[in-house]
J.: 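The structure follows.
Just the heavy atoms: all of them, side chains too, but no hydrogens, waters or symmetry mates, feed the values below.
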Amino acid sequence: MPTLTRAMLAAAVAKSTGRDMKDVEHVVRRAIEIVAEALKSAENVKLAKFGTFSVVSRAERPGRNPRTLVEHKIPARKVVQFVPGKPLEDKLVLSVFNPKNPTISA
């Protein structure tokens with residue numbers, strides 16, 4: 001599965017807007033830094049029509065090494081959670097199930 005990197009995102013934005021690649025790279029890099037700083041401060045980041053990033057706590061839980069079957073505890077930690085907004089979710093669903101394409105069935 002292909003991965004969209006920060007550089008690829010900047011290139012796509014630069015191409016679609018006609019802006020200078022160097023300027024767009026700076027803006028994309030800084031936007032990502034601002035989102036990371038907000039999440040580090042336990043703030044939610046809501047991007048309209050895209051989704052919401054938030055920090056959630058995961059409790060300590062038991063784990064097992066699948067190779068050796070040795071049990072151990074996985075420590076509690078904080079993780080970033082993403083909940084897609086309705087417009088993004090609709091686009092994702094339509095890309096998987098396209099009613100105009102009869103070869104794909106539900």
Side-chain angles (χ1 to χ4, degrees):
M1 181 181 321
T3 300
L4 178 67
T5 64
R6 183 180 71 201
M8 292 166 62
L9 176 62
V13 171
K15 183 178 179 183
S16 68
T17 62
R19 303 287 181 169
D20 181 57
M21 179 67 171
K22 188 175 179 179
D23 293 339
V24 173
E25 281 180 333
H26 176 73
V27 170
V28 169
R29 186 179 328 105
R30 189 64 191 126
I32 292 170
E33 289 170 359
I34 290 169
V35 169
E37 290 167 7
L39 292 170
K40 188 175 179 180
S41 300
E43 296 177 49
N44 291 345
V45 177
K46 184 174 184 177
L47 302 174
K49 298 183 180 181
F50 184 72
T52 303
F53 295 91
S54 59
V55 176
V56 295
S57 296
R58 293 254 170 100
E60 183 179 270
R61 59 192 172 95
R64 180 178 298 143
N65 182 327
R67 184 170 291 174
T68 63
L69 301 179
V70 173
E71 292 188 7
H72 59 92
K73 288 187 180 182
I74 299 172
R77 63 188 183 133
K78 292 184 180 194
V79 296
V80 175
Q81 177 180 8
F82 176 73
V83 177
K86 182 79 169 115
L88 176 60
E89 200 170 68
D90 290 345
K91 284 184 180 183
L92 293 173
V93 168
L94 288 177
S95 69
V96 173
F97 174 71
N98 184 351
K100 295 179 183 176
N101 185 350
T103 60
I104 300 175
S105 59

J.: Go through E25 and V27 one step at a time and tell me if the side chain to side chain contact (heavy atoms under 4.5 Å, CB included) criterion holds.
T.: CA-CA 5 Å; E25 281 180 333; V27 170; over 6 Å; no

J.: Tell me the closest heavy-atom pair linking R64 and H72, and the distance in Å.
T.: N-NE2, 4.0 Å

J.: Ignoring hydrogens, what is the shortest heavy-atom contact between G63 and I74? Give both atom names and the distance.
T.: CA-CD1, 3.9 Å

J.: Less than 4.5 Å apart, any side-chain heavy atom of K40 and any of E37?
T.: no

J.: Might you point out which heavy atoms bring N44 and V55 nearest each other, and give the distance in Å?
T.: OD1-N, 4.4 Å

J.: Would a single hydrophobic cluster contain both F82 and V45, if residues Ile, Leu, Val, Met, Phe, Trp and Tyr are joined by side-chain heavy-atom contacts under 4.5 Å?
T.: yes

J.: Rounded to the nearest 0.5 Å, what separation is found between the OG atom of S54 and the NZ atom of K78?
T.: 12.0 Å

J.: Looking at CG of L69 and CD of E71, how far apart are the two atoms once the value is rounded to the nearest 0.5 Å?
T.: 9.0 Å

J.: Taking all atoms of both residues into account, what is the closest heavy-atom pair of T52 and K46, and its distance?
T.: OG1-CG, 3.5 Å

J.: What residue among V28, I34, V35 forms side chain to side chain contact (heavy atoms under 4.5 Å, CB included) with I32?
T.: V28

J.: Would one find more than 12 heavy atoms of other residues, nucleotides or ligands at under 6.0 Å from atom CZ of R58?
T.: no

J.: For the residue pair L88 and F50, what are the closest heavy atoms and their distance?
T.: CD2-O, 3.2 Å

J.: Which atoms form the tightest heavy-atom contact between V24 and R19, and what is the distance?
T.: CG2-CB, 3.6 Å

